[in-house]
> 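Take this structure first; my questions come after.
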Amino acid sequence: MMEVRAKKALGQHFLTDQKVARAIVDALSCPVPTGRLFPVLEVGPGMGVLTQYLLEREDIDLKLIEIDSESVEYLLTHFAGMQGRLMEGDFLTLKLEKLFPEQFAIIGNFPYNISSQIFFKVLDYKDQIPQVVGMVQKEVAERIAEKPGSKTYGILSVLLQAWYDIEYLFTVGSGCFAPPPKVESAVIRLTRNSRTDLGCDEALFKTVVKTAFGQRRKMMRNPLKPLARAKAERSGWSEEQLADFLAQEVFSLRPERLSVEDFVALTNLLA
Ligand code: SAH
């Protein structure tokens, strides 16, 4: 069978550099429970440039999810042992808890148009996913790894850094792909930290972070006002008490200045 014809709508840029492919697979260092293969899910295998090296690893039990039927057909004809491993479908709607009753890792050259959604899904399953190794657009990799105070620090940086240690591993030039993407790429590794409890309400934390970054160049007082007002109503405060509450210094800061711990404190303030 011929090679898969690259489809732009599916974010298909096939990695052609074998050294890079091997380095990505080598970067996966998921903890292996004694005597058992560690379950790993590859997202978007395409023509299998990562898959070939993943299949060589004796410490992992590989599964694959690919949305493109042409790629699925290619993989079935070019690789042995795909039956029972390879699923045709959308990672974003995949019921991961049905597929993996316990822990599993994720690896992939992610389709760049849905990389943020992939990470939000990882967060939904954070207690089952000890590690993610992924290639993304360079800017996205930088943003996720960024520390507070930088201009690109944002929602995903805070939410992911709350639960994962982030490593920016290496940059990959567009010449390593066919067809070459317009942007540079980078490989990052997310390894689950030891946090089991945030010290605040998790759902409210997410809401506070997302709301605070709604106007990222402004003081947080404006975007957070509705959340403060909701608290005022719950607590039976007067308008004056609400104004005093919002006069606190933290509300004069821009969201990009706050660390994970600062957002935890802010969430408790608004709870
Ligand atoms: N891993 C391959 C392909 C990377 S391109 C390589 O390195 O060469 C991204 C791949 O993700 C494509 O194969 C594309 O078909 C697949 N893909 C896109 N959206 C997807 C989705 N929602 N779920 C699963 N796979 C998807």
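Just follow the structure's listing: the first ligand is 1, and inside any ligand the first atom is 1. Quick caveat: nothing in here was measured; it's all calculated off a predicted structure. FYI, the numbering just counts along the sequence from 1.
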> For ligand 1, which atoms have a heavy atom of F91 less than 4.0 angstrom away?
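This gives 21 (C), 22 (N), 23 (N), 24 (C) as the contact atoms.
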> For ligand 1, is there an atom lying under 4.0 Å from some heavy atom of M47?
no
> What part of N109, side chain, backbone, both or neither, has a heavy atom within less than 4.0 angstrom of ligand 1?
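The answer is both.
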> Looking only at protein heavy atoms, which one is nearest to atom 5 (S) of ligand 1, and what is the separation?
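Protein heavy atom at minimum distance: G11 O, 3.5 Å.
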> Atom 2 (C) of ligand 1: which protein heavy atom is closest, and how many Å away?
P45 O, 3.2 Å
> Looking only at atom types and distance, does a side-chain atom of Q161 sit under 3.5 Å from a main-chain N or O of V158, one as donor and one as acceptor?
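Between the backbone of V158 and the side chain of Q161 there is no qualifying donor-acceptor contact (under 3.5 Å).
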> Looking only at protein heavy atoms, which one is nearest to atom 8 (O) of ligand 1, and how far off is it?
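Protein heavy atom at minimum distance: L15 N, 2.9 Å.
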> Go through ligand 1 atom by atom and flag the ones less than 4.0 Å from a non-hydrogen atom of D68.
15 (O)
> Hey, are R257 and E249 close enough for a salt bridge, meaning a charged N less than 4.0 Å from a carboxylate O?
no
> Would you confirm whether Q103, through its side chain, and I129, through its main-chain N or O, come within 3.5 Å as a donor-acceptor pair?
no
> Ligand 1 versus A21, non-hydrogen atoms closer than 4.0 Å: side chain, backbone, both, neither?
neither
> Any idea which of E70, E66, M87 brings a heavy atom closest to atom 13 (O) of ligand 1?
E66
> Which heavy atom of the protein is the closest neighbour of atom 25 (N) of ligand 1, given with residue, atom name and distance?
I67 N, 3.4 Å
> In terms of residue, atom name and distance, what is the protein heavy atom nearest to atom 19 (N) of ligand 1?
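Looking only at protein heavy atoms, the one closest to atom 19 (N) of ligand 1 is P111 CG, 3.5 Å.
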> So, R57 and D59, do they make that salt bridge, N to O below 4.0 Å?
yes
> Parallel, tilted or perpendicular: which one describes the rings of F251 and F245, with boundaries at 30° and 60°?
tilted
> If you draw the axis of the six-membered ring of F110, does the NZ or CZ of K121 fall within 45° of it and under 6.0 Å from the ring centre?
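Checked: cation-pi criterion not met.
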> Using atom types as modelled and distance alone, determine if a side-chain donor or acceptor of N109 lies under 3.5 Å from a backbone N or O of H13.
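Judged by distance alone, no pair lies under 3.5 Å.
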> Against ligand 1, does G89 come closer than 4.0 Å with any heavy atom?
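Per 4.0 Å heavy-atom rule, G89 contacts ligand 1.
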> Verify, without hydrogens or angle tests, whether Q12 (side chain) and K7 (backbone) share a donor-acceptor contact under 3.5 angstrom.
yes
> So, E56 and R22, do they make that salt bridge, N to O below 4.0 Å?
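Counted as a salt bridge, because a side-chain N and a carboxylate O are separated by less than 4.0 Å.
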> In the protein, what heavy atom is nearest to atom 12 (C) of ligand 1, and what distance, to one decimal place, separates them?
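Answer for atom 12 (C) of ligand 1: Q12 CG, 3.4 Å.
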> Which residue and non-hydrogen atom of the protein lie closest to atom 21 (C) of ligand 1, and at what distance in Å?
D90 OD1, 3.7 Å
> Does ligand 1 have a heavy atom under 4.0 Å from the side chain of I114, from its backbone, from both, or from neither?
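It is the side chain that gets close, since no backbone atom is under 4.0 Å.
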> Only heavy atoms of V49, strictly under 4.0 Å: list the atoms of ligand 1 that pass.
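Here the atoms of ligand 1 in question are 6 (C), 7 (O), 8 (O).
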> For F14, take its heavy atoms, then give the atoms of ligand 1 lying under 4.0 Å from any of them.
3 (C), 8 (O)
> Among all protein non-hydrogen atoms, which one is nearest to atom 3 (C) of ligand 1, and what is the separation to 0.1 Å?
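It is G44 O, 3.4 Å.
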> Only one of R216, E142, E256, E146 clears side chain to side chain donor-acceptor pair (under 3.5 Å) with T152; which?
E146
> Between D165 and R189, does at least one N-O distance fall below 4.0 Å, as a salt bridge requires?
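No, no charged N to carboxylate O under 4.0 Å.
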